[in-house]
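Heads up, the thing below is written out as structure tokens.
Not measured: the values here are computed from a predicted model. Order of listing sets the numbers, starting from 1, for every ligand and every atom in it.
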Amino acid sequence: MRADNWAFQSDNSASRAMGRTGGRLACSTVGLWLGLLLLCSWGFPGSAEPRAPPENIAIIGAGIGGTSAAYYLRQKFGNDVKIDVFEKGEVGGRLATVTMQGQEYESGGSVIHPLNLHMKRFVKDLGLSAVQSPSGLVGVYNGETLVYEESSWFIINMIKLIWHYGFQSLRMHMWVEDILDKFMRIYRYQSHDYAFSSVEKLLHSLGGDDYLGLFNRSLLETLQKAGFSEKFLDEIITPVMRINYGQTMNINGFVGAVSMSCTDPGLWAVKGGNKLVCSRLLQASKSNLISGSVMSIEEKTRTKQTGNPTKVYEAVYQTGSETHSAFYDIVLVATPLNRKMSNITFLNFDPPIEEFHQYYEPLVTTLIKGQLNSTVFTSRALDEFDLGTVLTTDNPDLFINSIGFVSSVEESNNNPQPKADRSHVWKIFSAGPLTKEQILKLFVSYDYAVKRSWLAYPHYTPPEKCPSIILHDRLYYLNGMEVAASAMEMSAVAGYNAALLAYHRWNGHTHMIDQEDLYEKLKTEL
Ligand SMILES: Cc1cc2nc3c(=O)[nH]c(=O)nc-3n(C[C@H](O)[C@H](O)[C@H](O)COP(=O)(O)OP(=O)(O)OC[C@H]3O[C@@H](n4cnc5c(N)ncnc54)[C@H](O)[C@@H]3O)c2cc1C
Ligand SMILES: CC(C)=CCC/C(C)=C/CC/C(C)=C/CSC[C@H](N)C(=O)O
């Protein structure tokens, strides 16, 4: 019906515009063509001409989330838009290294899963290379003894696992694989340009109500319901949650599965340091890095020389002791929003943009070059201690979450061997800084110790709601994704999603946002 009306209207207007009184047939033919043209450009979903791109986009935060958003925004909007990326600290954010004796070691995000396809693609497209992460033997310490110890013989490991825990390890592996399989759907959706306006909708599109259920319930509840034993949960699953997220099984089931996927083989890192991905993404996206701290965002109306008033966001930022401001059509916030981590105020929004209070877990990474005092963990002779990582159970008397030996960012170390002098670089995760006494308890002797304190990951307390991705008309927030799970790949997924969302909303492509049943719809697409 609408199409007929347009054809009719454009018929009249076309003949008036031509200012001639030619035969009705000629006029209506021209009108029909014009109508068809209009129909093609407005009438069919998905065929709308993109409007002129925005002039200026701001991204706050040059971690993996912000820099991947810059990369994808450039791909979507093209070369004419100016992209400013604000960073108050170091490019890379929670991807960072510390230097010891001239060698660099990862102090933040370190391992990448072999199926993390955005990270894989970045490394390939940006001319970087991968190194295998160390995969030494793992033991679990409960404060008194090693309750589980891996063997270098695959068959012995299998027998040990079955002896201690029956087939729960295998069942756990299958549970994680199923969740990971569904997670992989996001790559297909994103490669077809689909975007989501909320984290919950994104999760639902991956695996329906079951997937959302995982996010809304604790890992403990989910695994207890699935029949896993208390012993298996205490001795195997909790220690993995402690090394990866510094938390217990009270985290949500989705982040629990992400964490368990770290026990898969083939973990890797970027040669030279994971943070290189961020600096290369910035370069490749031809963004301007502004070393400054954004303090506030406010919507303003600007009248351009062309006369039309437009709505823009004013970002007020500080570089050193100077305060500046700049105007943007679109703003992406790519940092956790809370007073301690970003301290950004949203001024005069109506309705107001809520204050975010997401609590992030304090975590300390300590790197120590020294000789481990293995008698802390076992009564066996020192030269028989062949564990590369010791995980811990949830025992309040323990002052570390984990300790494991690490390689520098330049070394590919698939099967690290103990050094002749038994002196290695060890990475320790703990809730607070280690005292000298604690270090001396863990090490017979040590040469160097370097620490880095983080507000590392959200404190997970399911059920919880992810903050909105759309904070305001053209103002987007990426790090709500971390409430589902915090990992490099999750920030990259959030960065791509926000870039697609901003692009589609700018161009009015509503059919590319929050599509239901995408998995079924895309099954037949190449
Ligand atoms: C110790 C540790 C170990 C980890 N291990 C792994 C791992 O092995 N594998 C894995 O996948 N993930 C790991 N993670 C998680 C991973 O590092 C993070 O999920 C990811 O790096 C988050 O990236 P992001 O860009 O979203 O946030 P961030 O990296 O935090 O980036 C936000 C940036 O915004 C900047 N910023 C904040 N406020 C402002 C402001 N007002 N103005 C300007 N700039 C601002 C910050 O300085 C920061 O650089 C680990 C994290 C930690 C802390
Ligand atoms: C997003 C998906 C599907 C998988 C990501 C798996 C992954 C690599 C998660 C990282 C979890 C995490 C925060 C680990 C921190 S500690 C890492 C490591 N054990 C270390 O010793 O540094």
Check your understanding: At under 4.0 Å between heavy atoms, which part of Met488 makes contact with ligand 2: side chain, backbone, both or neither?
Key -> neither
Study note, to complete from the structure: In Tyr448, Phe405, Tyr446, the residue satisfying ring-ring contact (aromatic ring centres under 6.0 Å, His included) with Trp426 is Phe405
Check your understanding: What about Phe349 and His472, are their ring centers closer than 6.0 Å?
Key -> yes
Review point. Taking side chain as C-beta onward, heavy atoms only, is Ile237 less than 4.5 Å from Leu223?
Key: yes
Review point. Are Phe254 and Tyr211 an aromatic pair by the rule of ring centers under 6.0 Å?
Key: yes
Point to revise | Residue Phe183 vicinity, atoms of ligand 2 by number, heavy atom under 4.0 Å | key: 3 (C)
Practice item. Of the side chain and backbone of Leu180, name the one, both, or neither that has a heavy atom under 4.0 Å from an atom of ligand 2. Key: side chain
Exercise for review: Mark up the atoms of ligand 2 that fall under 4.0 Å of a heavy atom belonging to Ser110, in ascending order.
Suggested key: 17 (C), 18 (C), 20 (C), 22 (O)
Review point. Considering only heavy atoms of Lys427, which atoms of ligand 2 have at least one such atom less than 4.0 Å away?
Key: 22 (O)
Review point. Is it true that Ser261 lies under 4.0 Å from ligand 2, counting heavy atoms only?
Key: yes
Exercise for review: Verify whether one side chain among Thr393 and Asn142 offers a donor that lies under 3.5 Å from an acceptor in the other.
Suggested key: no
Review point. Hey, do the aromatic rings of Tyr72 and Tyr503 have their centres closer than 6.0 Å?
Key: no
Exercise for review: If you have a sec, work out which protein heavy atom is nearest atom 14 (C) of ligand 2 and how many Å separate them, to one decimal?
Suggested key: Asn244 OD1, 3.4 Å
**Study point:** Sub-6.0 Å ring centroid separation between His204 and Phe196
**Key:** no
Check your understanding: Can you tell me the protein heavy atom closest to atom 8 (C) of ligand 2 and the distance?
Key -> Val111 O, 3.3 Å
Review point. Counting distance only, does the side-chain N/O of Glu410 pair as donor-acceptor with the main-chain N or O of Lys271 below 3.5 Å?
Key: no
Practice item. Examine the proximity of ligand 2 to Ile243 and report which part, side chain or backbone, both or neither, has a heavy atom under 4.0 Å away. Key: both
Review point. With ring centroids as reference points, do Tyr457 and Tyr245 lie under 6.0 angstrom apart?
Key: yes
Check your understanding: Among protein heavy atoms, which lies nearest atom 5 (C) of ligand 2, and at what distance?
Key -> Asn116 OD1, 3.6 Å
Exercise for review: Taking the six-membered ring for Trp and the single ring otherwise, decide whether the centroids of Tyr477 and Phe356 are under 6.0 Å apart.
Suggested key: yes
Check your understanding: Does a donor on one side chain sit under 3.5 Å from an acceptor on the other, for Arg505 and Tyr476?
Key -> yes
Review point. What is the nearest protein non-hydrogen atom to atom 21 (O) of ligand 2, stated with its residue, atom name and distance?
Key: Phe429 CE1, 3.6 Å
Review point. Which residue owns the protein heavy atom closest to atom 11 (C) of ligand 2, what's the atom, and how far is it?
Key: Tyr245 OH, 3.5 Å
Ligand 1: which protein N/O atoms lie under 3.5 Å from its N/O atoms?
| unit_1 | atom_1 | unit_2 | atom_2 | d |
| --- | --- | --- | --- | --- |
| ligand 1 | 8 (O) | Ser110 | N | 3.0 |
| ligand 1 | 8 (O) | Ser110 | OG | 3.4 |
| ligand 1 | 8 (O) | Val111 | N | 2.8 |
| ligand 1 | 9 (N) | Val111 | O | 2.8 |
| ligand 1 | 11 (O) | Met488 | N | 2.9 |
| ligand 1 | 12 (N) | Met488 | N | 3.4 |
| ligand 1 | 19 (O) | Ser486 | OG | 3.0 |
| ligand 1 | 19 (O) | Ala487 | N | 3.3 |
| ligand 1 | 23 (O) | Ser491 | OG | 3.4 |
| ligand 1 | 25 (O) | Ile64 | N | 3.0 |
| ligand 1 | 25 (O) | Gly65 | N | 2.8 |
| ligand 1 | 26 (O) | Asn479 | ND2 | 2.9 |
| ligand 1 | 26 (O) | Ser491 | OG | 2.8 |
| ligand 1 | 27 (O) | Arg94 | NH2 | 3.1 |
| ligand 1 | 29 (O) | Arg94 | N | 2.8 |
| ligand 1 | 30 (O) | Arg94 | NE | 2.8 |
| ligand 1 | 30 (O) | Arg94 | NH2 | 3.2 |
| ligand 1 | 41 (N) | Val294 | O | 3.0 |
| ligand 1 | 41 (N) | Ser342 | O | 3.0 |
| ligand 1 | 42 (N) | Val294 | N | 2.9 |
| ligand 1 | 44 (N) | Lys88 | N | 3.1 |
| ligand 1 | 47 (O) | Glu87 | OE2 | 2.6 |
| ligand 1 | 49 (O) | Glu87 | OE1 | 2.7 |
| ligand 1 | 49 (O) | Glu87 | OE2 | 3.0 |

**Study point:** Residue portion contacting ligand 2 (non-hydrogen atoms closer than 4.0 Å) for Cys262
**Key:** side chain
Exercise for review: I would like to know whether Glu104 and Lys275 meet salt bridge (Lys or Arg N to Asp or Glu O under 4.0 Å); could you show each step before the answer?
Suggested key: CA-CA 12 Å; Glu104 280 183 85; Lys275 66 180 181 184; 3.7 Å; yes
Practice item. Could you tell me whether some N/O pair between Tyr457 and ligand 2 is separated by less than 3.5 angstrom? Key: no
Check your understanding: Can you find a heavy atom in the side chain of Leu478 that is under 4.5 Å from one in the side chain of Ile469?
Key -> no
